**Q** 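My questions will all concern the structure given below.
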Amino acid sequence: MESLLQNTSLVQRAYWLVKLRWVAIAMLAFATLAASNVLGISLPTSTLYLTAGMLVIYNFLLYDLVKYSTWGGKEPTPQKIGRIITFQISADLFILATILHYSGGIENPFLFFFVFHMIIASILCSKLQSYLQATLGVFLFSLLVLLEYSGSIEHYSLIGFAGHKLYLDGTFVLGTLFVFSVTLYLVVYMTTSICEQLRKQQDDYERANQLLEEKDDLKNEYVLRLTHDIKGHLAAIQSCVNIVDDEIVGPLNEKQKDLVKRAYRRTSKCMAFITALLKLTRMKLTGHLEMDHFSLKNCIFDALMAVQARAKEKSLTVEYNIDPSVDDIYGESVLIEETITNLLFNAARYTREGGRIILDAKDDGKLVLLRISDTGIGIPDGELTKIFEEFHRADNAREVERNGTGLGLSFAKQVVERHGGKIWAENNPTGKGSTFILTLPKGEPSNVMA
Ligand code: ADP
């Protein structure tokens, strides 16, 4: 079935048709009630209510049919779900023709409800099937009108609404049939044309997306190889500089000591950058997580321990408030701990002397909610989401901390999202400092991107 939608969307649309039918059934009952009781139009009300009742049973059966086709979470083939949808639309055309028969036939303006079915068919079915549905619609309506005209079946006039001899007026009957048929085919033609364009755009978009992903992988592989190589050379340079700095190969004068120290600092900075880039690229490329159950509480305590020394240097107060129930979660403990440590270190870096860092951990049933707030420099409002992009650093952060890679938060985002969680930043309502919030599923989520 070459429709605009994929299989899963087709299943959703099959359910959508069932939902629409509930509305149509309610409308039928309401219109019958209003027409006969309020407007005083004569109608075979019991037949119409009976039809509405039978439609309720029919719709429940259809619901079960769609449900059965996806039993046990299996995805039905496009052909199978296509057949169900085609059956639903064709059956609806029969039902609509039947309802029209009991409510004035050609004199009932609801005859243009056939148009809705044509639009639905054009969106959900192939072009050929849509035209076949239009033909079925034209056939059923013409049959009804002609049988009533010839007196072969009874005509139920809408006495009190329209000229109730219109169904016998040959010119009116032929004219209406002509306009009706042209309308149905035109609607199918226009809707299928629009759908075809959309389908083409969707294909182009998917192809472009796939190409971008392939290019991104290629770029990541290149960066991975490059950073890996550079890291090896840097490690060698660093250990050589270290040996010279330790004066193992001979004493240094003050000037030499200063230069060697500077070289060591620079290589360390470069090493930190390369290590962060390597870690992020590896994570993006392989995305593999060694998931297991672990104690998040212990992870948080280890991260808090790691930041203590840095906090002490800047006389920062570190407070924490961890729900007793925050403990066992499913994920990769090393990465989660690294992420929390990153956030705590950022809080320490971007908070001036004497400030506060507060860590809150709450158990929200299925999720754990972590909030790391500080009384630091805050984040410019327009950059609250940009800071999660690779290499992005806000200007106010550059002023207080020259050394930064702009990679820590991208890494944190990758880790959290691969665990099926979310991370975002907010500025504190007090106007001082910011808060990083992250959620992590506790159990083994089905949508983990491992
Ligand atoms: P880095 O800190 O090395 O620059 P990150 O990716 O960890 O890289 O952070 C990106 C940017 O986010 C920082 O440069 C800074 O602008 C902003 N940022 C992160 N944490 C904080 C914080 N606690 N307070 C204010 N700004 C922050």
Side-chain angles (χ1 to χ4, degrees), residues 220 223 227 231 234 265-284 300 303-304 306-320 334-361 369-418 421-439:
N220 283 333
V223 174
T227 41
K231 197 178 172 197
L234 261 181
R265 266 203 307 275
R266 285 295 174 102
T267 40
S268 298
K269 251 188 251 171
C270 199
M271 190 69 156
F273 176 75
I274 290 290
T275 310
L277 189 58
L278 194 63
K279 226 173 349 174
L280 177 66
T281 316
R282 202 174 276 146
M283 155 82 66
K284 285 201 319 198
I300 297 174
L304 283 166
V307 81
Q308 275 311 328
R310 183 83 184 102
K312 213 169 165 192
E313 272 170 31
K314 291 182 80 176
S315 313
L316 302 171
T317 321
V318 182
E319 294 165 24
Y320 58 86
V334 179
L335 292 177
I336 298 284
E337 187 179 322
E338 210 168 327
T339 300
I340 301 170
T341 311
N342 265 351
L343 295 176
L344 284 170
F345 266 95
N346 273 355
R349 288 162 89 194
Y350 299 116
T351 303
R352 293 185 216 279
E353 307 256 327
R356 275 168 74 205
I357 301 173
I358 306 146
L359 183 148
D360 261 311
L369 192 84
L370 272 175
R371 298 171 66 91
I372 296 169
S373 44
D374 58 54
T375 54
I377 59 169
I379 300 155
D381 277 340
E383 305 194 40
L384 282 164
T385 50
K386 281 195 190 147
I387 53 170
F388 290 94
E389 288 169 14
E390 283 165 49
F391 307 113
H392 189 89
R393 303 197 67 212
D395 286 344
N396 65 340
R398 285 177 200 277
E399 280 166 24
V400 294
E401 177 70 57
R402 278 191 30 229
N403 303 323
T405 58
L407 292 172
L409 289 183
S410 313
F411 178 77
K413 190 167 152 64
Q414 285 281 332
V415 171
V416 173
E417 286 180 355
R418 277 175 200 277
K422 283 190 185 134
I423 180 166
W424 68 98
E426 287 172 3
N427 277 318
N428 295 337
T430 53
K432 210 155 189 248
S434 49
T435 302
F436 284 80
I437 302 142
L438 63 100
T439 61

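Just so you know, residue 1 is the first one in the sequence shown, and it goes up from there. Atoms considered below: every heavy atom in the structure, side chains included; atoms not considered: hydrogens, waters and symmetry mates. Values in this document were obtained by computation on a predicted structure and should not be read as measured data. First listed ligand is number 1; within each ligand, the first listed atom is number 1.
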**Q** State the atoms of ligand 1, each with its element, that fall below the 4.0 Å cut-off from a heavy-atom position in Leu409.
**A**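 Ligand 1 atoms under the 4.0 Å threshold to Leu409: 5 (P), 6 (O), 7 (O), 9 (O), 10 (C), 12 (O), 19 (C).
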**Q** What are the two closest heavy atoms between Leu280 and Glu390, and how far apart are they?
**A**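 Closest approach of Leu280 to Glu390: CD2-CG, 3.6 Å.
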**Q** Of the listed options (Gly404, Ala425, Gly406), which comes nearest to atom 8 (O) of ligand 1 when hydrogens are ignored and any heavy atom counts?
**A**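 Heavy atom nearest to atom 8 (O) of ligand 1 belongs to Gly406.
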**Q** Starting from atom 19 (C) of ligand 1, which protein heavy atom do you reach first, and at what distance in Å?
**A**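 That would be Asn346 ND2, 3.6 Å.
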**Q** Polar-atom distance check: Arg349 versus ligand 1, any N or O pair below 3.5 Å?
**A**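 N/O-N/O distance under 3.5 Å: yes.
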**Q** Is there any N or O on Ala394 that sits under 3.5 Å from an N or O of ligand 1?
**A**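 Yes: some nitrogen or oxygen of Ala394 is under 3.5 Å from one in ligand 1.
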**Q** Any heavy-atom pair between the side chains of Thr227 and Phe273 that's under 4.5 Å?
**A**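 No - every pair of side-chain heavy atoms lies 4.5 Å or more apart.
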**Q** Any idea which of Ile387, Ile357, Asn396 brings a heavy atom closest to atom 12 (O) of ligand 1?
**A**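 Among Ile387, Ile357, Asn396, the closest heavy atom to atom 12 (O) of ligand 1 comes from Ile387.
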**Q** If you take the nearest heavy atom of each of Arg402, Lys413, Glu401, Arg393, which one is closest to atom 4 (O) of ligand 1?
**A**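 Heavy atom nearest to atom 4 (O) of ligand 1 belongs to Arg393.
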**Q** Under 4.0 Å from a heavy atom of Ala397: give me the atoms of ligand 1 that qualify, with their elements.
**A**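 Every atom of ligand 1 under 4.0 Å from some heavy atom of Ala397: 14 (O), 15 (C), 16 (O).
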**Q** Counting each atom of ligand 1 from 1 as listed, which ones have a heavy atom of His392 under 4.0 Å away?
**A**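 With His392 as reference, the close atoms of ligand 1 come out as 10 (C), 11 (C).
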**Q** How close does the nearest protein non-hydrogen atom get to atom 24 (N) of ligand 1, and which residue and atom is it?
**A**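 Going atom by atom, the protein heavy atom closest to atom 24 (N) of ligand 1 ends up being Ser434 OG, 3.4 Å.
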**Q** Which of the atoms in ligand 1, numbered in the order shown and given with their element, are less than 4.0 Å from a heavy-atom of Ala347?
**A**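 That gives atoms 23 (N) of ligand 1.
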**Q** Do Ile423 and Leu343 have side-chain heavy atoms sitting under 4.5 Å apart?
**A**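 Counting from C-beta outward, Ile423 and Leu343 do come under 4.5 Å.
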**Q** For Gly408 versus Asn342, what's the shortest heavy-atom pair and its separation?
**A**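 Answer, listing the atom of Gly408 first, then Asn342: O-ND2, 3.7 Å.
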**Q** Quick one: which ligand 1 atoms are inside 4.0 Å of a heavy atom on Ile379?
**A**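 Taking each heavy atom of Ile379 in turn, ligand 1 has 25 (C), 26 (N) under 4.0 Å.
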**Q** Taking side chain as C-beta onward, heavy atoms only, is Arg352 less than 4.5 Å from Ile377?
**A**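 Touching, per the 4.5 Å side-chain cut-off.
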**Q** Of the side chain and backbone of Asp374, name the one, both, or neither that has a heavy atom under 4.0 Å from an atom of ligand 1.
**A**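 It is the side chain that touches ligand 1; the backbone stays farther off.
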**Q** Determine, for Glu389 against Lys386, whether the closest basic-nitrogen to carboxylate-oxygen distance falls under 4.0 angstrom.
**A**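 No.
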**Q** Which atoms of ligand 1 sit under 4.0 Å from any heavy atom of Phe436?
**A**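 Heavy-atom distances to Phe436 below 4.0 Å select 19 (C), 20 (N), 21 (C), 22 (C), 23 (N).
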**Q** Identify the protein heavy atom lying closest to atom 25 (C) of ligand 1, giving its residue, its atom name and the separation to 0.1 Å.
**A**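 For atom 25 (C) of ligand 1, the nearest protein heavy atom comes out as Gly378 O, 3.5 Å.
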**Q** Which heavy atom of the protein is the closest neighbour of atom 13 (C) of ligand 1, given with residue, atom name and distance?
**A**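 Sorting protein heavy atoms by distance from atom 13 (C) of ligand 1 puts Tyr350 OH, 3.6 Å first.
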**Q** Quick one: pull up CG in Leu335 and NZ in Lys279 and give me the separation to the nearest 0.5 Å.
**A**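 If I round to the nearest 0.5 Å, the distance is 8.5 Å.
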**Q** Test your reading of the structure: does Thr405 have an N or O sitting under 3.5 Å from an N or O of ligand 1?
**A**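 Indeed, backbone or side chain, Thr405 has an N or O that close.
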